[in-house]
Number of protein chains: 2
Amino acid sequence: METKDILSRRGIAPSLTRLKIYEYLRAASHPSVDEIYQNLKEEIPTLSKTTVYNTLHLFVEKDLAKALFTDFSKNRYDIKDVPHAHFHCTECDEIHDIHEITPPRIAEDAIEGYLAKEAQLTLKGVCPRCRRQNTNSQ
Amino acid sequence: METKDILSRRGIAPSLTRLKIYEYLRAASHPSVDEIYQNLKEEIPTLSKTTVYNTLHLFVEKDLAKALFTDFSKNRYDIKDVPHAHFHCTECDEIHDIHEITPPRIAEDAIEGYLAKEAQLTLKGVCPRCRRQNTNSQ
DNA sequence: AAATAAAACTGTAATGATTACAAGGGGGTG
DNA sequence: CACCCCCTTGTAATCATTACAGTTTTATTT
């Protein structure tokens, strides 16, 4: 399927900028906003970084792309020693510990060639309290 | 075990500031740096935010605490649709797709009361290339 | 083709988290 | 008492992200 159609299907107008960003994203490896911007501004000299942000937000909203959480961006700390997952509620922005599901225990040499030191499992969605509030108010 | 001893065991001098930060971290729920700072400066009026950063970095280095990756601060994007994990190499800062291990498929209602929409599994460690380079140069 | 409205795009400024860095302070040791 | 080391502090710099208002482009209607 052509990129144009992929965007159209999701209700995104397939402008040149959006096509290029989509294609860069598909070809590259987890690029940062700046990487996308730096690389595309050769082809699209008028490109603005704000547009890259806007476009990525749009893609995420329309389920065409995902925002990753990685070690680059850590702004919460935890001290619990029992393995557990984290649930981030997108409504209230709270983080809850989840013990029903745990990050897989990964041996250091589980993945050929890699030395794995830590695994984090993060879930995203709506927490019980926010679900109740949504139901009540609608 | 007393907090003082927990720190000492890891080779961290148990200063008042560090004790308080450790105890706050243990009692609170995934606090941000600012939350820790705001709450402790009542007790420790001279506290500086830099100290909170320094102390947390120290705890992480000594394996007393973990930095979480969450949706709050995401700065990489991905478009792949096959479920896969991400491996963040702490030496070269690259992110690799890992297909040998995948995030557990989590049904929306898998966790009592929660609505789970997405799961991300992130590993941390050293990638094959960096491991080879370390070996060669030492 | 002109007129209009809506949607995309842009640039600048503001915000917020984090880091860099150089200097201050306190406690223990010789 | 002098010295040194480590902890702590404050300011300034950096970097990613967002806010916002204005401009350009595109599509639509006349």
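The chains referred to below are lettered A, B, ... by the order of the sequence lines, with proteins before strands, and numbering in each begins at 1. The model shown is predicted, which means the values in this text are computed figures rather than measured ones.
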Taking the side chain of B:A13 as its heavy atoms from C-beta onward, which of D:dT9, D:dC7, C:dA8 lies nearest to it? D:dC7

Going by the rule salt bridge (Lys or Arg N to Asp or Glu O under 4.0 Å), which residues pair with A:K49 if we only count those two or more places apart in sequence or in a different chain? A:D34

Where the side chain of A:V33 is concerned, which of D:dT17, D:dT8, C:dT10 is the nearest nucleotide? D:dT17

I need the CD1-P distance between B:I12 and D:dT8, as an integer number of Å. 11 Å

Give the C-alpha distance, both sets of side-chain angles, the deciding distance and a yes or no for side-chain hydrogen bond (donor to acceptor under 3.5 Å, both in side chains) between B:H86 and B:H84. CA-CA 7 Å; B:H86 292 115; B:H84 60 280; 3.1 Å; yes

When you check the side-chain N and O atoms of B:E108 and B:Y114, is any donor under 3.5 Å from an acceptor? no

Per nearest nucleotide of DNA chain C, the residue lying toward the 5' end, A:R18 or B:K49, is A:R18

Quick one: is D:dT9 close enough that its OP1 or OP2 comes under 4.0 Å of any side-chain N or O from B:T46? yes

So, is A:Y53 near the phosphate of D:dT17, with a side-chain N or O under 4.0 Å from OP1 or OP2? yes

Whether A:T51 contacts C:dT10 is assessed here as follows: a side-chain N or O lying under 4.0 Å from the phosphate OP1 or OP2. Is that the case? yes

For residues A:Q120 and B:T122, is any side-chain donor paired with an opposing acceptor at under 3.5 Å? no

So does A:G113 get a backbone contact from the side chain of B:R131, meaning a donor-acceptor N/O pair under 3.5 Å? yes

Hey, does the side chain of A:S15 come within less than 4.0 Å of C:dC9's phosphate (OP1/OP2), counting only N and O? yes

Just how far, in rounded Å, is P of C:dC9 from CD1 of A:I44? 9 Å

Just how far, in rounded Å, is P of D:dT17 from CG of A:L58? 17 Å

Protein-nucleotide distance (B:L16, atom CG; C:dG26, atom C1'), rounded to Å: 13 Å

For B:H57 and C:dT18, is the shortest distance between a side-chain N/O and OP1 or OP2 below 4.0 Å? no

Separation of D:dT14 P from A:D34 CG (nearest whole Å): 16 Å

Closest nucleotide among C:dT18, C:dC9, D:dT8 to the A:T17 side chain: C:dC9

Given atom CG of B:L40 and atom C1' of D:dT9, what is their separation to the nearest angstrom? 16 Å

Length of the line joining B:K41:NZ and D:dT9:P, which is rounded to integer Å: 13 Å

Distance test, side-chain N/O of A:T50 to OP1/OP2 of C:dT10, below 4.0 Å: no

With sugar-phosphate meaning primed atoms plus P, OP1 and OP2, does B:N54 contact a base, only sugar-phosphate, or nothing at under 4.0 Å between heavy atoms? base

Without decimals, in angstroms, what is the distance between A:L56 CG and D:dA16 P? 14 Å

